[in-house]
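Taking it in order: structure first as structure tokens, then the write-up.
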Amino acid sequence: VQLQASGGGLVRPGGSLRLSCAVSGSSTSSHDIAWYRQVPGQQRELVAVISSGGDTDYAGSVKGRFTIARDNAKNTVYLQMTSLKLEDTAVYYCNAGTYYSNGYYYPSRSWGQGAQLTVSS
């Protein structure tokens with residue numbers, strides 16, 4: 001399965017943006033899909049997960065502001081981001097890994113190209 005993130009851009013604090021993750025080679029409904037973000041010099045951080053069954057989970061720093069959703073007809077997973085903060089600035093990646101019932105997500109090695117989000121006034 002290949003994934004391609006898109007939709008990044010420059011947004012003012014408090015603004016909103018939606019990222020898209022296009023999935024090819026397989027159906028989104030068959031996979032657990034996660035969004036990660038990475039700031040230069042820092043480790044990649046798990047942001048949100050949607051399981052193949054539709055369960056969702058979020059990092060504490062984005063809970064209540066970000067929403068992950070899946071459109072199986074378009075084979076795309078979205079990350080709707082609202083109330084954006086300066087610290088949300090990062091490159092965002094999507095990943096098709098494995099989500100366990102205890103809440104642990106194990107990423108696959110395939111990352112694809114990310115989408116840059118810059119939050120700045």
Side-chain angles (χ1 to χ4, degrees):
V1 58
Q2 292 82 42
L3 300 95
Q4 179 67 53
S6 63
L10 174 63
V11 181
R12 295 188 183 278
S16 300
L17 194 71
R18 188 179 75 168
L19 301 180
S20 299
C21 175
V23 179
S24 59
S26 186
S27 172
T28 53
S29 62
S30 300
H31 295 279
D32 303 327
I33 304 289
W35 283 97
Y36 279 76
R37 65 186 181 187
Q38 188 171 28
V39 175
Q42 298 184 18
Q43 285 192 332
R44 209 162 283 185
E45 174 192 18
L46 180 62
V47 175
V49 178
I50 185 165
S51 73
S52 59
D55 294 330
T56 59
D57 199 6
Y58 299 90
S61 58
V62 307
K63 195 170 292 185
R65 300 189 297 121
F66 290 12
T67 303
I68 188 170
R70 186 175 63 213
D71 186 335
N72 292 333
K74 295 183 177 180
N75 234 30
T76 300
V77 173
Y78 300 100
L79 185 67
Q80 178 68 51
M81 305 179 290
T82 63
S83 302
L84 284 165
K85 303 177 180 180
L86 298 176
E87 53 265 38
D88 293 320
T89 297
V91 178
Y92 284 73
Y93 300 88
C94 49
N95 180 275
T98 304
Y99 182 62
Y100 294 92
S101 58
N102 62 359
Y104 181 77
Y105 179 84
Y106 190 83
S108 71
R109 294 184 178 182
S110 177
W111 288 99
Q113 191 172 356
Q116 173 72 51
L117 167 67
T118 302
V119 183
S120 175
S121 56

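Quick note: numbers below take in every heavy atom, side chains included, and nothing from hydrogens, waters or symmetry partners.
Residues M81 and V62 fall within the same hydrophobic cluster, defined by Ile, Leu, Val, Met, Phe, Trp and Tyr side chains chained together at heavy-atom separations under 4.5 Å.
A donor-acceptor pair under 3.5 Å links the side-chain atoms of R70 to the main chain of S52, judged by distance alone. Side-chain atoms of D71 come within 3.5 Å of backbone atoms of K74 as a donor-acceptor pair (strictly under, hydrogens ignored). With hydrogens and angles disregarded, a donor-acceptor distance shorter than 3.5 Å links the side chain of N95 to the backbone of S110. When atom types are taken as modelled, the side chain of S20 and the backbone of Y78 share no donor-acceptor pair closer than 3.5 angstrom. Counting only distance, with no hydrogens or angles, the side chain of S108 and the backbone of A96 share a donor-acceptor pair below 3.5 Å.
Side-chain contact between S16 and L84: absent, with no pair of heavy atoms (C-beta onward) separated by less than 4.5 Å. Using a 4.5 Å heavy-atom threshold, the side chains of W35 and V77 count as touching.
With hydrogens and angles left out, the side-chain atoms of S29 and N72 include no donor and acceptor closer than 3.5 Å.
To the nearest 0.5 Å, the span separating CH2 on W111 from CG on L3 amounts to 10.0 Å. Atom CZ of R37 and atom CZ of F66 lie 5.5 Å apart (nearest 0.5 Å). Here OG1 of T98 is found 10.0 Å from NE2 of H31. Values are rounded to the nearest 0.5 Å. Interatomic distance, CD1 of I68 versus OG1 of T56, reported as 8.0 Å (0.5 Å rounding). Here CG of D55 is found 8.5 Å from CD1 of I50. Values are rounded to the nearest 0.5 Å.
More than 12 heavy atoms of other residues, nucleotides or ligands lie within 6.0 Å of CD in E87, so this atom counts as buried by the packing criterion.
The stretch residues 112-121 participates, sequence neighbours left out, in these side-chain hydrogen bond (donor to acceptor under 3.5 Å, both in side chains) pairs: Q116-T118. Residue pairs meeting the disulfide (SG to SG under 2.5 Å) criterion with at least one partner in residues 90-121, sequence neighbours excluded, are C21-C94.
Taking the six-membered ring where tryptophan is involved, the planes of Y36 and Y105 are tilted, since the angle between them lies from 30° to 60°.
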